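Since the structure comes first, as C-alpha cells, the remarks are kept for the end.
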Amino acid sequence: MKIQTDMDLQKTLFCGQFFRSQVQEDGYEIFFRDKRIFARKDQGNLLVQGQVSQEEIRDFFDLDRDYKEVEKALRKYSFLKEPLDLARGIHLLRQDLWEVIITFILSANSNIPRIRKSLFALCQNYGPKLEDDFGPYYGFPQPEDLRDVRREDFREKIKVGYRDQYLEKTTKLILAGQVNLEDLKKTDDPQEALKDLMKLSGVGEKVAHCILLFGLHNWRGFPVDVWMRRILKENFPGRKESDYQELAQTLFGPYAGFAQQTLFYYAKTQKMGGKKE
DNA sequence: CCCCAGGTCGTCA
DNA sequence: TGACGACATGGG
C-alpha cells in the first residue's frame, strides 16, 4: 500500500504519544488495534505492509486532517514558531482508548524506554496470540484478559512497581461498568470526560488529559507535565502554576493538544540533543 | 551516592 | 484548596 502524505513517520511514532513500535532494518514494525503493520516513508509516500485497509491507515495516522491549517493558526504565538518548525510532520495518532488508559497510567513518574518495555511485557504475558502473513505476534490485552491477574504479577512480570494497584483497580472499575468506555467515546464535553476518567485509579489531571487527547482524540486535551511547566513559566512569568491548565485552554483552544505535543517534542529534542532515549 | 523520569494518592493544616 | 512525602524501577 502506498499513500501520499507529508506526515513524518519517525517523529510521529517516537514523539512520546505512542510506544508500541520497533525499528526494523528498513522501516518500523507498528502494533495498533490488534493489527501489526510494517511501514516506512519513501519520499512523500507512506508505504505500508500488513492486513489492514487503506481506510484504517488513514484513520489511525490521521492523514485526512489539514495540519498546515493547524500550524498556521498556532503561528501567531511567537514562542511556538521554532517548535512548530522542528515538529513539522508530527501527526496525532488515533489510538485505542483502553490501550491509552493503560499506557498513560504506566507513564506516571516513569520514562519512555521503561513505558515501552512494560507495554511489550504486558502484551507478551496477557495479550491475545495473533498471527498474520509475517508470523505470530501479541495483541494488546483487553480488560477481560486482565480480570484475574494478581497485582504481584503486574509487579514481577511487567515491572510496573507501585503502579500495580492502579492497573488492578482501573481494570475492575471498567469491568464493573463504573466507567463506561463506549459512553466516554460519545461524550462531546471534554470536562465531563475528564471528570469521568479521573474516577480511574492512577488517573490524575495530567494523565486524564493524555487520555482525552490520545485516546478520545479530543484536541482540547492539554497535559500539563514538567515540560509544559518549564515552558509556560518562561513565557508567562508571574502566572501561578495552578492556572497553567486554563491558560493553555484559553490560548490554544481547539488546537491545545497539538500545541502541547509540539512543545513537548521541542523541549525533549533540545534537552536530548538528538540522542535516542 | 545522588537526581530524574510525560504524577498520583493519602494526609494534614 | 495547598503543600508534602511516599511510592518501584531503571538510567545517567
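Quick caveat: nothing in here was measured; it's all calculated off a predicted structure. Note on naming: letters A, B, ... go to the chains in the order of the sequence lines (proteins, then strands), and numbering restarts at 1 for each one.
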Have a look at [X] and say if it touches a base, only the backbone sugar-phosphate, or nothing, with a 4.0 Å heavy-atom cut-off.
{"X": "Phe154(A)", "result": "nothing"}
{"X": "Leu200(A)", "result": "sugar-phosphate"}
{"X": "Gln261(A)", "result": "base"}
{"X": "Gln17(A)", "result": "base"}
{"X": "Val160(A)", "result": "nothing"}
{"X": "Arg151(A)", "result": "nothing"}
{"X": "Gly202(A)", "result": "sugar-phosphate"}

[X] [atom1] - [N] [atom2] separation (whole Å):
{"X": "Phe222(A)", "N": "dG7(B)", "atom1": "CZ", "atom2": "P", "value": "14 Å"}
{"X": "Leu122(A)", "N": "dT9(C)", "atom1": "CG", "atom2": "P", "value": "16 Å"}
{"X": "Arg163(A)", "N": "dT9(C)", "atom1": "CZ", "atom2": "C1'", "value": "7 Å"}
{"X": "Ile115(A)", "N": "dG11(C)", "atom1": "CD1", "atom2": "P", "value": "14 Å"}
{"X": "Glu168(A)", "N": "dC9(B)", "atom1": "CD", "atom2": "P", "value": "15 Å"}
{"X": "Asp164(A)", "N": "dT9(C)", "atom1": "CG", "atom2": "P", "value": "9 Å"}
{"X": "Asn111(A)", "N": "dA8(C)", "atom1": "CG", "atom2": "C1'", "value": "12 Å"}
{"X": "Leu167(A)", "N": "dT8(B)", "atom1": "CG", "atom2": "C1'", "value": "13 Å"}

Q.
Determine whether Tyr266(A) and Glu82(A) satisfy the following criterion, side-chain hydrogen bond (donor to acceptor under 3.5 Å, both in side chains), listing intermediate values before the conclusion.
A. CA-CA 8 Å; Tyr266(A) 177 72; Glu82(A) 199 175 327; 3.3 Å; yes

Q: Using the closest heavy atom to pick a nucleotide of DNA chain B for each, name whichever of Val203(A) or Phe18(A) lands nearer the 5' end.
A: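 The residue mapped nearer the 5' terminus is Phe18(A).
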
Q: Between Arg114(A) and Tyr166(A), name the one whose nearest nucleotide on DNA chain B is closer to the 5' end.
A: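 Nearest-nucleotide comparison on DNA chain B picks Arg114(A).
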
Q: Rounded to whole angstrom, note down the P distance from dG10(C) over to dC9(B).
A: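 Here dG10(C) and dC9(B) have their P atoms 23 Å from each other.
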
Q. P atom, dC2(B) versus dG5(C): distance in rounded Å?
A.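 To the nearest whole Å, 16 Å.
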
Decide, yes or no, whether a salt bridge links [X] with [Y] under the criterion of side-chain N to carboxylate O below 4.0 Å.
{"X": "Glu152(A)", "Y": "Lys157(A)", "result": "no"}
{"X": "Lys72(A)", "Y": "Asp66(A)", "result": "no"}
{"X": "Arg58(A)", "Y": "Asp64(A)", "result": "yes"}
{"X": "Lys41(A)", "Y": "Asp8(A)", "result": "no"}

Q) Going through the distances and angles, do Asp164(A) and Arg150(A) end up as a salt bridge (Lys or Arg N to Asp or Glu O under 4.0 Å)? A) CA-CA 9 Å; Asp164(A) 58 350; Arg150(A) 301 174 313 134; over 6 Å; no

Q) Is there a donor and acceptor pair, one atom on the side chain of Tyr162(A) and one on the base of dG7(B), closer than 3.5 Å? A)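 Between dG7(B) and Tyr162(A), which were checked side chain against base, a qualifying N/O pair under 3.5 Å is present.
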
Q.
Checking contacts here: which listed nucleotide (dG11(C), dT9(C), dA5(B)) is nearest the side-chain heavy atoms of Lys117(A)?
A.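 My answer, after comparing the listed nucleotides, is dG11(C).
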
(Q) Less than 4.0 angstrom between a side-chain N/O of Arg155(A) and OP1 or OP2 of dA8(C), yes or no? (A)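 Arg155(A) to dA8(C) OP1/OP2: side-chain N or O found under 4.0 Å.
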
